[in-house]
Amino acid sequence: PWKALTATLLAVFMAVAPTASADMNGYDVSGWQPANITRAAPADFAIVKTTEGTNFRNGSWVEQATGAVETGKALGLYHYADGGDAIAEADYFVNTVGSYAGRAILVNSSWGNGNWVRLFVNRVHDRTSVWPMVYVQASAVWQVPSDVRAHCALWKAQYASNAATGYQSSPWNAGSAGESMIQYTSNG
């Protein structure tokens, strides 16, 4: 069943539409959340932080990823960019999550430099044959080069407020940047 969910998630993420709707609901997690969070919190998908820079690994990422898959959630794995050597960061990410390539959405947080993002996503693609999704805040979407956008879906972060919210069927400003996914809250 995880293959079908991952295929559905890929299709939703790769579809670029002028407006977005909450066809799937999910969340991202990191080492700040408990290792069992993906088993406990309801969702269609979970995206797990795995690495940052070239020397940080989320000590709970394997358990969080396994929990998502075992509870029927589609899975994404993300790298948080430090902005150092893009190739080294991509290699660190792929070396950590490589066995999941093709089974999970791979994601990179953009780092304020279009060429850095280009180098990172091209390296991930060269090593895995998978184009990663690019995570970017709404105010920096313009920094993601058009050649990257041609291959990589966008995950845009933009909050209407900092108020806690549950899942929304029509998030504020969804689809305004042609993103495939919007993060509209940081507080569940």
Side-chain angles (χ1 to χ4, degrees), residues 9-30 32 45-54 56 74-94 97 101 104-163 165 167-188:
L9 186 60
L10 277 168
V12 169
F13 285 166
M14 295 310 291
V16 177
T19 60
S21 64
D23 294 331
M24 294 180 75
N25 292 303
Y27 48 81
D28 70 294
V29 299
S30 68
W32 292 106
F45 67 90
I47 301 179
V48 177
K49 178 181 180 180
T50 57
T51 54
E52 181 175 338
T54 57
F56 174 81
L75 177 63
L77 302 171
Y78 78 92
H79 172 79
Y80 190 88
D82 272 356
D85 181 314
I87 301 299
E89 288 197 37
D91 285 342
Y92 186 66
F93 177 55
V94 170
V97 303
I105 301 295
L106 304 181
V107 183
N108 164 53
S109 66
S110 71
W111 179 78
N113 176 311
N115 195 52
W116 192 99
V117 173
R118 179 184 291 116
L119 290 169
F120 184 97
V121 302
N122 283 324
R123 181 63 171 186
V124 169
H125 182 262
D126 289 347
R127 295 218 27 222
T128 66
S129 299
V130 172
W131 288 106
M133 178 179 274
V134 175
Y135 176 84
V136 61
Q137 74 247 25
S139 63
V141 167
W142 64 272
Q143 295 175 346
V144 180
S146 60
D147 59 309
V148 171
R149 288 194 67 168
H151 295 292
C152 303
L154 291 184
W155 165 9
K156 178 185 82 173
Q158 183 176 28
Y159 310 152
S161 75
N162 286 324
T165 181
Y167 290 129
Q168 299 176 9
S169 61
S170 185
W172 172 77
N173 214 14
S176 63
E179 71 278 359
S180 298
M181 186 167 81
I182 185 168
Q183 181 175 357
Y184 51 84
T185 183
S186 65
N187 326 284

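A donor-acceptor pair is defined here as one N or O able to donate and one able to accept, closer than 3.5 Å; such a pair exists between the side chain of W142 and the backbone of S139.
Residues satisfying the side-chain hydrogen bond (donor to acceptor under 3.5 Å, both in side chains) criterion with R118, sequence neighbours excluded, are N115, D147. Here T50 pairs with nothing under the side-chain hydrogen bond (donor to acceptor under 3.5 Å, both in side chains) rule; sequence neighbours left out.
Closest approach of D85 and W116 over heavy atoms only: C-NE1, 4.1 Å. Closest of all the heavy-atom pairs between M133 and L154 is CG-C, 4.2 Å. The two residues V144 and R149 come nearest to each other via the heavy atoms CG1-CG, 3.6 Å. Of all non-hydrogen atoms in I87 and L119, the two that sit nearest each other are CD1-O, 3.8 Å.
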### Message
Test salt bridge (charged side-chain N to carboxylate O under 4.0 Å, His left out) on D28 and K49; report intermediate values, then the result.
### Response
CA-CA 7 Å; D28 70 294; K49 178 181 180 180; over 6 Å; no
### Query
Going through the distances and angles, do V136 and Q143 end up as a side chain to side chain contact (heavy atoms under 4.5 Å, CB included)?
CA-CA 9 Å; V136 61; Q143 295 175 346; 5.7 Å; no
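Of the inter-residue distances, the one linking F56 atom CZ with D82 atom CG reads 10.0 Å to the nearest 0.5 angstrom. To the nearest 0.5 Å, the span separating CG on L106 from CH2 on W131 amounts to 12.5 Å. Here E89 contributes atom CD and S109 contributes atom OG; the two are 8.0 Å apart, rounded to the nearest 0.5 Å. The distance from atom CD1 of I47 to atom CH2 of W155, rounded to the nearest 0.5 Å, is 4.0 Å.
Considering N108, V94, V97 in turn, V94 is the only one that fulfils the side-chain contact (heavy atoms from CB on, under 4.5 Å) rule with V124.
Residue Y92 places its OH atom among more than 12 non-hydrogen atoms of other residues, nucleotides or ligands, all under 6.0 Å distant.
Looking at heavy atoms from C-beta onward, Y78 lies in side-chain contact with S30 at the 4.5 angstrom threshold.
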